[in-house]
Amino acid sequence: MDSFLEPFRKSILIKVLLFLAMLFYNFVLNAQVDTNSALFKTLKSKDSIIFKRAFNNCEVEKISPIIADNFEFYHDVGGIQNKAEFIDTIKKNLCTNPGNNTRQLVANSLEVYQLNNNGVIYGAIQKGKHTFQQKQKGVLKLLELQILHTFGFLKIRFGN
């Protein structure tokens with residue numbers, strides 16, 4: 001086995017090519033869209049509607065128009081929910097006491113990765129960090145067990 005690897009150990013060309021391949025691979029894996037792109041701005045806006053308007057302010061009617069009918073939500077506690085179950089959970093849990101729970105996106109943590117198929121955008125992965133606060137004795141405080149979450153959303157566009 002050592003004799004097989006010997007040419008690779010001594011060749012500077014092989015090492016440079018391997019380095020370039022790893023650099024290219026890293027670039028492909030971290031192909032985040034620009035924060036000024038239309039895709040980034042659109043997803044950030046939708047994130048704001050879901051969390052600032054619906055989660056924080058209980059304006060649940062704002063969610064339905066921006067969520068697909070075949071929506072699936074995978075929650076670490078509640079399990080898999082469809083669109084109706086997701087909206088119903090917000091109404092029954094968060095909106096029974098509006099203003100008691102707050103979600104905040106951590107500044108500059110939002111990342112968007114465009115998904116392409118032969119040059120055609122078919123979806124995106126949205127990733128970021130957020131905190132949750134809960135009102136305790138009239139003051140919003142970070143939840144002790146959930147100080148900082150990393151989240152991810154896969155958004156796939158079908159048709160127009």
In this structure, are over 12 heavy atoms from other groups packed under 6.0 Å from Lys83 atom NZ?
yes

Quick one: does Ser109's side chain have a donor or acceptor within less than 3.5 Å of a partner on Gly128's backbone?
no

Do Asn82 and Phe73 have side-chain heavy atoms sitting under 4.5 Å apart?
no

Please tell me if the side chains of Ile90 and Phe55 come closer than 4.5 Å, counting only heavy atoms from C-beta onward.
no

Distance-only, no hydrogens or angles: does the Asn97 side chain make a donor-acceptor pair with backbone N or O of Asn100 under 3.5 Å?
no

Do Ser48 side-chain atoms and Lys44 backbone N/O form a donor-acceptor pair below 3.5 Å?
no

Tell me whether the NZ or CZ atom of Arg103 lies within the 45° cone about the ring axis of Phe51 and under 6.0 Å from its centre.
yes

Given 3.5 Å as the limit, does a donor-acceptor pair link the side chain of Asn101 with the main chain of Phe132, or not?
no

More than 12 heavy atoms of other residues, nucleotides or ligands under 6.0 Å from CG of Asp34: is that the case?
yes

Evaluate side chain to side chain contact (heavy atoms under 4.5 Å, CB included) for Gln126 paired with Glu111, printing each intermediate quantity in order.
CA-CA 6 Å; Gln126 177 182 337; Glu111 299 174 3; over 6 Å; no

If you define the side chain from C-beta out and look only at heavy atoms, does anything of Asn70 sit under 4.5 Å from Glu72?
no

Partner residues of Phe40 under the ring pair (Phe, Tyr, Trp, His ring centres under 6.0 Å) criterion, sequence neighbours left out:
none

Could you please spell out the steps behind the side chain to side chain contact (heavy atoms under 4.5 Å, CB included) verdict for Val106 and Thr131?
CA-CA 7 Å; Val106 174; Thr131 60; 4.2 Å; yes

For residues Ile125 and Val112, determine if any side-chain heavy atom of one lies less than 4.5 Å from a side-chain heavy atom of the other.
no

Contacts of Gln81 that satisfy side-chain hydrogen bond (donor to acceptor under 3.5 Å, both in side chains) - sequence neighbours left out:
Thr89

